[in-house]
Colleague: 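Handing you a structure now.
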Amino acid sequence: MNRRQKLIPLNKLNLTDRFLFEEVMEDPLAHQEALGIILGRDVPLLTLNEAEKELRISPEARSVRLDIFSMDEDRAVYNTEMQKQRRADLSRRSRYYQSLVDISLLDPGIPDYSQLNESYLIMITPFDLFGCGKYRYTFRAVCEEEPGCVLEDGATRIFLNTRGTNDDEVSQELAEFLHYVEHTTDEAAEHAGSERIRRIHDRVRKVRNSEEVGVKYMQAWEEKYYEKEEARKEGLIEGRREVLKDLLKKKLEKGKSVGEIAEALEESEETIRGLMKELGVQVM
């Protein structure tokens, strides 16, 4: 099979596909429209909007790459993530992401933590992470002993589910937007009653029709393809080495020499000696 047949055309991607999501939301106006729908209020973003922003606290610590990072005129920051694949660690990942965002916001030597920005981490998923049928799950820290007592630390995490069922509890615009995210078509945009969704779709059409973005998409796909192929080959090679080690141990137990083993396994004597070293066997 021609491997290029596996490539989904750019004009068939939905916003649940990270490439299209980042290309569209990198535009501050498109991201601003999306945040307005999600939060139910105007979000006047600054012109700066960063896609794939990398955060790392030290060379030894694990870095993260944020899908879309932006700041509004009141210095509140927004990290919007598209998560297409269900993973068991998403809740804790959101905690790690938000902690790294916080660390990046304060300059060294600032003693007043009240200067820490309001922050929103928004994760959009085409599945219900919590299983309660909600379109939106909003988390802020509250006191267990006094649920009405909210820890006003300025941190908010929002998980959006494109397959929610509680239409009577959210705005029609949010429900339409989340449907559109998973089904990013002209028909879905036209059917929506939201002008903001239509403006986002205008950006989607521009991205899909851009030759420059098309080339970038092909390059990104090729890079990912070769990375997967390399990983597969490395896995096969490592698997063969383990099989060879098992056979080598059996041959050694039978008192076979390095030359005899190399001939039997159709490998070089140098390879056999290297495997023996890995097994901790003295090489004669």
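None of the values given here were measured: they were computed from a predicted structure. We're numbering straight along the sequence, starting at 1. Note that these values count all heavy atoms, side chains included, but never hydrogens, waters or copies made by symmetry.
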Colleague: Spell out, yes or no, whether V142 and Y137 are grouped together once hydrophobic residues are joined by side-chain heavy atoms under 4.5 Å, including indirect joins.
Modeller: no

Colleague: Could you check whether the rings of F139 and F159 sit parallel, tilted or perpendicular, using 30° and 60° as the cut-offs?
Modeller: perpendicular

Colleague: Quick one: which residue pairs count as a ring pair (Phe, Tyr, Trp, His ring centres under 6.0 Å) with a foot in residues 10-29, not counting sequence neighbours?
Modeller: F19-Y217

Colleague: Less than 4.0 angstrom from a charged side-chain N to a carboxylate O is my criterion; do R273 and E269 meet it?
Modeller: yes

Colleague: Can you confirm whether R75 sits close enough to E118 that some side-chain heavy atom of one is under 4.5 Å from a side-chain heavy atom of the other?
Modeller: no

Colleague: Under 3.5 Å, side chain of T138 to main-chain N/O of I158, donor-acceptor pair present?
Modeller: no

Colleague: Could you name each residue pair satisfying salt bridge (Lys or Arg N to Asp or Glu O under 4.0 Å) that touches residues 131-149, not counting sequence neighbours?
Modeller: K134-E169

Colleague: Check whether Q32 reaches the backbone of L45 with its side chain - one donor and one acceptor, N or O, closer than 3.5 Å.
Modeller: yes

Colleague: Evaluate the salt bridge (charged side-chain N to carboxylate O under 4.0 Å, His left out) criterion for residues E242 and K245: first the C-alpha distance (whole Å), next the side-chain angles of each, then the deciding distance (0.1 Å), finally the verdict.
Modeller: CA-CA 5 Å; E242 293 303 315; K245 286 179 184 178; 3.6 Å; yes

Colleague: Can you hop from V150 to L116 via hydrophobic side chains spaced under 4.5 Å?
Modeller: no

Colleague: Taking E23 for the side chain and L20 for the main chain, is one N or O donor matched with an acceptor at less than 3.5 Å?
Modeller: no

Colleague: Applying side chain to side chain donor-acceptor pair (under 3.5 Å) to N14 and Y180, what does each step give before you reach the verdict?
Modeller: CA-CA 8 Å; N14 295 308; Y180 169 75; over 6 Å; no

Colleague: Between the side chains of E173 and S194, does any donor sit under 3.5 Å from an acceptor?
Modeller: yes

Colleague: State, to 0.1 Å, how close S91 and R157 come at their nearest heavy-atom pair, and which atoms those are.
Modeller: O-NH1, 3.6 Å

Colleague: Any donor and acceptor pair, going by atom type alone, linking the side chain of T184 with main-chain N or O of L13 inside 3.5 Å?
Modeller: no

Colleague: Name all residues meeting the ring pair (Phe, Tyr, Trp, His ring centres under 6.0 Å) criterion together with H183; count only those two or more places apart in sequence or in a different chain, and write none if there are none.
Modeller: H179

Colleague: Among all residues two or more places apart in sequence or in another chain, which pass the side-chain contact (heavy atoms from CB on, under 4.5 Å) test with E73?
Modeller: P44, L46

Colleague: Who passes side-chain contact (heavy atoms from CB on, under 4.5 Å) against E81, sequence neighbours left out?
Modeller: L66, D67, N79, Y97, M123

Colleague: Would you call R203 and E33 a salt bridge, taking side-chain N to carboxylate O under 4.0 Å as the test?
Modeller: no

Colleague: Can a donor-acceptor pair be found between the side chains of N117 and S119 at a distance below 3.5 Å?
Modeller: no

Colleague: Only one of R205, K206, R199, R198 passes side chain to side chain donor-acceptor pair (under 3.5 Å) with D202; say which it is.
Modeller: R205

Colleague: Kindly give the heavy-atom pair with the smallest separation between Q98 and A155, and that separation in Å.
Modeller: NE2-CB, 3.7 Å

Colleague: Sorted by first residue and then second, give each ring pair (Phe, Tyr, Trp, His ring centres under 6.0 Å) pair with at least one member in residues 110-129; sequence neighbours left out.
Modeller: Y78-Y120

